[in-house]
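Read through the structure below, which is laid out as structure tokens, and then see the notes.
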2 protein chains.
Amino acid sequence: MSLSTRIPMFLLRLLALGATVSAVVIMVTSHDSAQVFNMKFDAKYTNSPTFKYFVLMNAIAGGYTLILLFFPSKNSCGHMILVLDLIMALLLDSSISACVAIGQVGKSGNSHAGWLPICGQVPKFCDHVTGALAAGFVAAIAYFLVVLYSLHNVMNLFALKT
Amino acid sequence: MSLSTRIPMFLLRLLALGATVSAVVIMVTSHDSAQVFNMKFDAKYTNSPTFKYFVLMNAIAGGYTLILLFFPSKNSCGHMILVLDLIMALLLDSSISACVAIGQVGKSGNSHAGWLPICGQVPKFCDHVTGALAAGFVAAIAYFLVVLYSLHNVMNLFALKT
């Protein structure tokens with residue numbers, strides 16, 4: 001891969017690394033508590049399996065990105081890395097979608113199921129989760145672009161050879 | 001593309017079509033009602049924006065698959081179709097993840113947020129949603145395989161030319 005194709009890829013991965021690390025940090029540090037009907041209600045990310053899944057997936061994607069940034073691959077691994085990039089894009093997409101679904105219930109509730117919104121009670125927690133979702137969204141977009149750019153490069157590479 | 005590479009792709013797309021249509025039909029026909037504290041509780045998919053999103057995404061993926069099955073593309077559109085396949089895989093992945101997150105709350109509730117499980121009251125609704133999720137999962141896997149297989153073919157195609 002030439003330098004001119006490496007630089008945009010490096011920048012995209014750097015963006016993905018920053019976004020995944022931010023998403024993990026913002027989600028893990030989210031905490032708020034409220035007094036509801038004499039019951040102390042402690043909101044933290046470990047309360048929901050979905051938020052734990054979000055943290056895990058962003059941590060995996062961040063670790064993977066870090067490894068690729070510091071140990072640039074040989075060209076021969078290109079196909080395997082493209083498949084791994086695709087899997088990362090899918091995992092990040094999945095984690096963000098699941099969190100948005102839960103966040104929507106947290107914000108608006110669901111009157112049909114009798115689930116009350118909780119963001120009124122724990123606004124600081126909700127703000128943190130929203131921030132983490134925004135960072136996760138940037139990471140997911142960055143990995144989508146990484147996959148598109150890899151595809152473009154792989155096709156160009158082969159086209160040049162012909 | 002030769003016939004031997006077309007057949008697996010055709011079968012994968014046929015599987016995806018069957019799965020997305022099943023997911024839409026099972027989700028749309030899900031309905032159950034229960035009497036809770038003298039209040040009639042009607043469970044249907046339109047109660048949740050997440051389930052509506054699931055139906056929409058599966059319908060889009062189903063329609064797209066149908067078009068590709070009946071109007072096979074020219075080779076020159078291969079790259080665009082690969083990108084569209086990738087987008088379908090991401091959309092299906094996103095819809096299934098969001099639904100699993102909501103379904104998990106529906107099944108187990110979330111004691112921290114005070115959200116009670118509802119599957120005990122409306123078991124028929126929950127069974128339908130579970131079935132729709134299973135079909136959606138098959139569709140998402142099928143599209144993941146479509147993308148992997150397309151990648152494999154594109155690379156082989158270029159490799160043969162060199």
Side-chain angles (χ1 to χ4, degrees), chain A residues 36-37 39 41-44 46-51 53-54 57 78-79 82-83 86-87 89-106 108-118 121-122 140 143-144 147-148 150-152 154-162, chain B residues 36-37 39 41-44 46-51 53-54 57 78-79 82-83 86-87 89-106 108-118 121-122 140 143-144 147-148 150-152 154-162:
Chain A
V36 183
F37 301 128
M39 297 252 293
F41 166 51
D42 234 5
K44 48 186 189 291
T46 48
N47 287 356
S48 160
T50 308
F51 292 161
Y53 174 69
F54 179 84
M57 289 305 125
H79 299 184
L82 179 49
V83 172
L86 174 64
I87 292 174
L90 287 168
L91 290 180
L92 287 172
D93 180 47
S94 156
S95 75
I96 188 102
S97 304
C99 273
V100 167
I102 294 297
Q104 192 274 334
V105 175
S108 312
N110 187 315
S111 57
H112 306 281
W115 300 335
L116 296 174
I118 58 161
Q121 273 83 47
V122 283
Y143 258 98
F144 177 63
V147 172
L148 281 190
S150 293
L151 279 179
H152 176 80
V154 164
M155 285 166 180
N156 268 10
L157 189 72
F158 283 114
L160 278 176
K161 277 192 194 164
T162 60
Chain B
V36 184
F37 302 129
M39 297 252 294
F41 166 53
D42 234 2
K44 49 185 189 289
T46 48
N47 287 356
S48 159
T50 308
F51 292 160
Y53 174 69
F54 178 85
M57 289 305 125
H79 299 186
L82 180 49
V83 172
L86 174 64
I87 292 174
L90 287 168
L91 290 181
L92 287 172
D93 179 47
S94 154
S95 75
I96 188 102
S97 305
C99 272
V100 167
I102 294 297
Q104 192 272 334
V105 176
S108 311
N110 188 315
S111 57
H112 306 282
W115 299 336
L116 295 174
I118 59 160
Q121 273 83 49
V122 283
Y143 259 98
F144 177 63
V147 172
L148 282 189
S150 293
L151 278 179
H152 175 81
V154 164
M155 285 167 179
N156 267 11
L157 189 74
F158 283 113
L160 279 176
K161 274 192 194 166
T162 59

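Letters go in sequence order (proteins before strands), and every chain restarts at 1. Only this structure's heavy atoms are used, side chains among them; waters, hydrogens and symmetry mates stay out.
- Looking at Leu151(A), the atoms closer than 4.5 Å to chain B (heavy atoms on both sides) all sit in the side chain, from C-beta outward.
- Asp93(B) touches chain A through backbone and side chain together, each having a heavy atom under 4.5 Å away.
- Both the backbone and the side chain of Ser94(A) come within contact range of chain B, judged by heavy atoms closer than 4.5 Å.
- For Val122(B), no part sits under 4.5 Å from any heavy atom of chain A, backbone or side chain.
- Rounding to the nearest 0.5 angstrom, the gap separating the OG1 atom in Thr50(A) from the CG atom in Asn110(B) is 8.5 Å.
- Residue Ser111(A) does not touch chain B at all, counting heavy-atom pairs closer than 4.5 Å.
- Interface remark: Ile102(B) contributes backbone and side-chain atoms alike to the contact with chain A (heavy atom separation under 4.5 Å).
- Taking all atoms of both residues into account, the shortest heavy-atom contact from Phe54(B) to Cys99(B) is CB-SG, 3.3 Å.
- Using a 4.5 Å cut-off between heavy atoms, Tyr53(B) does not touch chain A at all.
- Across Ala89(A) and Leu90(B), no two heavy atoms sit closer than the pair O-CD2, 4.0 Å.
- Within the 4.5 Å cutoff, the side chain of Leu92(A) has no heavy atoms near those of the Phe144(A) side chain.
- For the options Val83(A), Ile87(A), Leu116(A), heavy-atom pairs under 4.5 Å to chain B are most numerous at Leu116(A).
- Here Ser97(B) is the residue among Ser108(B), Gly109(B), Ser97(B), Ala113(B) with the most heavy-atom pairs under 4.5 Å with chain A.
- Most heavy-atom pairs under 4.5 Å with chain B: of the set Val105(A), Ile96(A), Leu82(A), Leu91(A), this distinction falls to Val105(A).
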